[in-house]
Amino acid sequence: MIALGSDHGGFDLKETVKAYLDKENIPYKDFGCPNKESCDYPIFGRAAAEAVASGECEKGIVICTTGIGISIAANKVKGVRCALCSDTLSAEMTRRHNDANMLAMGAGMIGKNLAERIVEVFLNTEFEGGRHARRVGLIEDMEK
């Protein structure tokens with residue numbers, strides 16, 4: 001299960017991601033926003049992040065205009081490692097090395113085709129573990 005969240009600036013790209021997930025038969029839960037009316041990204045970034053942190057959802061994808069604000073909000077939730085990615089290599093490496101459990105994207109920064117590819121890479125790349133697990137553990141220790 002994938003948690004989704006966006007603000008009004010990320011709404012259209014979130015709908016694109018939902019269509020991609022539907023096509024790939026990947027279940028998701030949309031935590032809002034429900035439309036393009038002006039809203040506050042921390043509300044929806046937090047809701048998606050809490051679903052990931054609680055285990056309700058395995059991973060999450062959050063979107064605002066730049067991806068910056070919503071990634072900051074998501075990362076305030078204990079247990080979340082949300083990476084802002086605007087290319088496929090970043091999406092791959094954040095899964096391989098950081099075991100990121102959330103992806104943030106900026107709807108004003110990337111187009112639909114690139115967003116779909118970033119999502120595909122993020123969802124299909126496994127964590128390498130090894131020395132990276134030690135480093136992720138050090139990050140987790142910072143939350144205690």
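Along the sequence shown, residues are numbered consecutively beginning with 1.
Expressed to the nearest 0.5 Å, how far CD of Glu15 lies from CG of Asp22 amounts to 9.5 Å. A distance of 8.5 Å separates NE2 in His97 from CZ in Arg135, rounded to the nearest 0.5 Å.
In this structure, Cys57 and Ile2 have side chains that are not in contact, with every pair of non-hydrogen atoms separated by 4.5 Å or more.
Residue pairs that meet the ring-ring contact (aromatic ring centres under 6.0 Å, His included) test with at least one member in residues 73-96, sequence neighbours left out, do not exist here. The side chain to side chain donor-acceptor pair (under 3.5 Å) analysis of residues 85-96, with sequence neighbours excluded, yields the pairs Asp87-Ser90, Glu92-Arg96, Thr94-Asn98, Arg95-Asp99. Counting only residues at least two apart or in different chains, ring-ring contact (aromatic ring centres under 6.0 Å, His included) contacts with residues 45-86 are absent. Applying the side chain to side chain donor-acceptor pair (under 3.5 Å) test to every pair with at least one member in residues 55-72, sequence neighbours left out, gives these pairs: Lys29-Glu56.
With sequence neighbours excluded, no residue satisfies salt bridge (charged side-chain N to carboxylate O under 4.0 Å, His left out) with Lys23. Every side chain to side chain contact (heavy atoms under 4.5 Å, CB included) that Arg134 has, sequence neighbours left out, goes to Arg131. In this view, Asp30 and Lys14, Lys18 satisfy the side-chain hydrogen bond (donor to acceptor under 3.5 Å, both in side chains) rule, not counting sequence neighbours.
The minimum heavy-atom distance linking Asn25 with Pro27 is given by the pair O-CD, 3.7 Å. When every heavy atom of Phe31 is checked against every heavy atom of Ala3, the shortest pair comes out as CE1-CB, 3.7 Å. Taking both residues in full, the closest heavy atoms of Val77 and Ala53 are given as CG1-CB, 3.8 Å, listed atom of the first, atom of the second, then distance. Closest approach of Ala100 and Ala83 over heavy atoms only: CB-CB, 4.2 Å.
Residues Leu13 and Leu21 share a single hydrophobic cluster, defined by chaining ILVMFWY side chains whose heavy atoms lie under 4.5 Å apart. The hydrophobic clustering, which links ILVMFWY residues whose side-chain heavy atoms are closer than 4.5 Å, places Tyr28 and Ile118 together. Hydrophobic clustering of Ile, Leu, Val, Met, Phe, Trp and Tyr side chains at less than 4.5 Å, counting indirect connections, keeps Val119 apart from Met102. By the rule that hydrophobic residues join a cluster once side-chain heavy atoms approach within less than 4.5 Å of another member, Ile63 and Ile26 end up as members of one cluster. Two different hydrophobic clusters hold Ile61 and Val52 under the rule that ILVMFWY side chains link at heavy-atom gaps under 4.5 Å.
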Pairs under 3.5 angstrom only: tabulate donor-acceptor contacts from the side chains of residues 32-45 to other protein residues two or more places apart or in another chain.
{"from": "Asn35", "atom 1": "OD1", "to": "Glu37", "atom 2": "N", "distance (Å)": "2.9"}
{"from": "Lys36", "atom 1": "NZ", "to": "Asp12", "atom 2": "OD2", "distance (Å)": "3.3"}

Name each donor-acceptor pair under 3.5 Å that joins a side chain in residues 103-117 to protein atoms two or more places apart or in another chain, with its distance.
{"from": "Arg117", "atom 1": "NH1", "to": "Glu120", "atom 2": "OE1", "distance (Å)": "2.8"}

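Hydrophobic side-chain contacts under 4.5 Å tie Met93 into a cluster, directly or through other members, with Leu89. Side-chain heavy-atom separations under 4.5 angstrom define the hydrophobic clusters, and the remaining members of the one that includes Leu84 are Ile68, Ile72. Within the hydrophobic cluster formed by Ile, Leu, Val, Met, Phe, Trp and Tyr side chains joined at under 4.5 Å, directly or through other members, Phe127 is accompanied by Val136.
Looking at Asn101, its side chain does come within 3.5 Å of a backbone N or O of Gly79 through a donor-acceptor pair. Checking side-chain atoms of Thr125 against main-chain N and O of Phe122 turns up no donor-acceptor pair under 3.5 Å.
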